[in-house]
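Treat the numbers as computed from the prediction; the structure is a model and nothing was measured. Every heavy atom of this structure was used, including side-chain atoms; hydrogens, water molecules and symmetry mates were not. Positions are given from 1, in the same order as the sequence printed here.
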Amino acid sequence: MNTYNNTIDKFNEHVMLTYGRFPLVAESGSGRTCVDENGKKYLDLGSGIGTNSLGYCDKKWADAVCAQVRAIQHTSNYYYTGIQADFAEKLCEITGYSKMFLGNSGAEANECAIKIARKYSFDKYGKGRHNIITLVNSFHGRTLTTLSATGQDSFHNYFFPFTEGFIYAEANNISDLKEKLDDTVCAVMIEYVQGEGGVNCLDKDFVDAVYELCSAKDVLVIADEVQTGAGRTGKFLAGQHYGKQADITTMAKGIGGGLPIGVCLTNEKCSTVLVPGTHGSTFGGNPVVCAGGLAVLERVTENGFLDSVAEKAEYIKTELEKSDEVESVTGLGLMIGIKLRTKNAGEVVKTALDKGLLLLTAKDKVRLLPPLTIEMKELEDGISLLKKILEE
């Protein structure tokens, strides 16, 4: 029996087909290499959509997770755990934030941010000041509310009625933002780099305007750093490239190193908005997840680690721009979008899969989100293969 096809058939028979999956059955992984059921190896430049920030089964990360599993795997949030306290302390120390709420995903972190923004405004100004401005081409999650917050029409279908209270402004259009920032708005929610929207960075002038206009009106700034956070851009938070700290920042993906986590961080102004009974999460702050998260924090804050991320990013950009097929390279750090001149991004990803290279797409671009720990030799091999595919 072909076990490979058997696994895929078994999966498709019992699991909802909500993803367009590639025919790869991942069995194991080590470092930056994924191994399928047939023993074929793949160099991973997607890291689980930016989630396996330390690669596959990093030894210190895995040891920390396994040790926690053997100590205590879960307790309700009616009680405390030391590892959750250690993780929270370390993350506040790194980011300069006051408090956090722990959940399971980026969408859940963004839901929390939205609730904080609306309650902050309700507590201070009463009803009628609940609208949140997000940006065209943004992506904030797949729950009904975070889909509503997402500034892409293609997501606003089927699930009517969508959550009200979201206004979409054009990214990098200051006049459009000014026009829509009226007295009904309680927050502006941005991604410094729009990942699912095409790996496009916000202009510094626009970001400056967001903060200046919001400050004048006591409107909160929410930074969705689900994909950009935890060192992905060469800084711990992408906002550091802009010299900004939002009132609320959300994180997920890479901060867990491969385990489900969502974090909503707040400054002092917003730190007491949520009180007992106003929000919760059964698995939020799970001890095993926090152990993995703490291992990630310790690794990415090691001396020189983020400098190496920036160096690798510069290498990728320089090499790709040598290819005649590459029209442009966008993004920040190891969050890279590649706009092609003639080839279809999806077809490039399929060809790369056949050749043992795992890539992603974002809109019409090839997207790279390699593990932050990728070694230069691996990067050289991967980019060399990608260039060959582009030039075929």
Side-chain angles (χ1 to χ4, degrees), residues 19-26 28-36 38-56 58 193-201 227-228 231-234 253-254 258 308-392:
Y19 291 90
R21 298 177 190 269
F22 291 100
L24 187 163
V25 180
S28 64
S30 178
R32 277 63 57 187
T33 302
C34 175
V35 184
D36 72 11
N38 294 328
K40 181 177 178 179
K41 295 181 179 180
Y42 302 81
L43 177 61
D44 190 354
L45 297 188
S47 62
I49 315 184
T51 299
N52 294 336
S53 51
L54 304 183
Y56 292 102
D58 176 83
V193 185
Q194 294 184 324
E196 304 303 319
V199 200
N200 296 310
C201 299
Q227 197 167 133
T228 56
R232 172 58 54 187
T233 67
K253 290 190 180 291
S308 75
V309 170
E311 290 167 9
K312 294 167 191 173
E314 184 60 31
Y315 169 80
I316 294 173
K317 186 174 187 292
T318 300
E319 287 300 308
L320 287 175
E321 287 177 342
K322 294 176 182 178
S323 171
D324 292 338
E325 176 58 26
V326 173
E327 181 176 318
S328 62
V329 181
T330 60
L332 199 58
L334 290 178
M335 184 176 179
I336 293 168
I338 309 164
K339 187 170 179 59
L340 306 177
R341 295 187 189 280
T342 64
K343 293 184 180 292
N344 176 273
E347 292 303 315
V348 169
V349 171
K350 289 179 183 177
T351 300
L353 179 72
D354 291 340
K355 295 179 181 293
L357 185 65
L358 303 185
L359 309 173
L360 301 164
T361 60
K363 297 280 192 180
D364 61 347
K365 296 177 181 178
V366 173
R367 175 169 45 156
L368 306 183
L369 294 169
L372 306 183
T373 54
I374 193 167
E375 296 177 358
M376 280 304 300
K377 179 62 169 65
E378 294 170 319
L379 205 50
E380 290 166 4
D381 291 344
I383 298 303
S384 176
L385 177 54
L386 174 56
K387 286 170 65 179
K388 286 179 183 177
I389 293 169
L390 294 179
E391 291 158 10
E392 286 177 348

Residues, nucleotides or ligands: over 12 heavy atoms within 6.0 Å of Asp324 CG: no
pair Ile336-Pro370: side-chain heavy atoms closer than 4.5 Å: no
Side chain to side chain contact (heavy atoms under 4.5 Å, CB included) assessment of Val329 paired with Ile316: CA-CA 9 Å; Val329 181; Ile316 294 173; 5.8 Å; no
Contact check, side chains of Leu369 and Ser47, non-hydrogen atoms, under 4.5 Å: yes
Residue pair Leu43 / Leu385, side-chain heavy-atom distance below 4.5 Å: no
Side-chain donor/acceptor of Lys253 to backbone N/O of Gly48, under 3.5 Å: no
Test item: Val348 and Ile338 side chains (from C-beta on) under 4.5 Å apart, heavy atoms: no
Sidechain-backbone polar pair: Asn38 side chain, Lys40 backbone, donor-acceptor under 3.5 Å: no
Candidate pair Thr361 and Arg367, rule side chain to side chain contact (heavy atoms under 4.5 Å, CB included), full reasoning: CA-CA 5 Å; Thr361 60; Arg367 175 169 45 156; 5.7 Å; no
Close side-chain approach of Glu325 to Glu392, heavy-atom, < 4.5 Å: no
Counterpart residues, salt bridge (charged side-chain N to carboxylate O under 4.0 Å, His left out), relative to Lys363 (two or more places apart): none
Min side-chain heavy-atom separation Lys339-Thr330 under 4.5 Å: no
Heavy-atom closest pair, residues Ile49 and Glu196: CG2-OE2, 4.3 Å
Validation row: Tyr56, Thr33 side chains within 4.5 angstrom (heavy atoms): no
Least distance between heavy atoms, Gly331 atom then Cys201 atom: O-SG, 3.3 Å
Which atom of Gly254 lies closest to which atom of Ser53, heavy atoms considered: O-OG, 2.7 Å
Neighbour count above 12 (heavy atom, 6.0 Å) for Lys350 NZ: no
Derivation and outcome, side chain to side chain contact (heavy atoms under 4.5 Å, CB included), residues Val199 and Gln227: CA-CA 10 Å; Val199 200; Gln227 197 167 133; 5.9 Å; no
NZ/Lys317: more than 12 non-hydrogen atoms of other groups inside 6.0 Å: no
Short side-chain donor-acceptor distance under 3.5 Å, Thr373 and Arg32: yes
Heavy-atom donor-acceptor pair, Lys312 side chain to Leu372 backbone, under 3.5 Å: yes
Interatomic distance, Cys34 atom SG to Asp44 atom CG [nearest 0.5 angstrom]: 6.5 Å
SB check Lys377 Glu380 (cutoff 4.0 Å): no
Min side-chain heavy-atom separation Glu311-Glu314 under 4.5 Å: no
Atom pair CD/OG of Glu391 and Ser323 - distance to nearest 0.5 Å: 4.5 Å
Rounded distance (nearest 0.5 Å) linking atom CG of Asp36 with atom NZ of Lys41: 11.5 Å
Gap between atom NZ of Lys343 and atom CD1 of Ile389 - 0.5 Å precision: 9.5 Å
Interatomic distance, Ile383 atom CD1 to Lys388 atom NZ [nearest 0.5 angstrom]: 13.0 Å
side-chain contact (heavy atoms from CB on, under 4.5 Å), paired with Leu358, selected from Leu45, Leu368, Leu24: Leu24
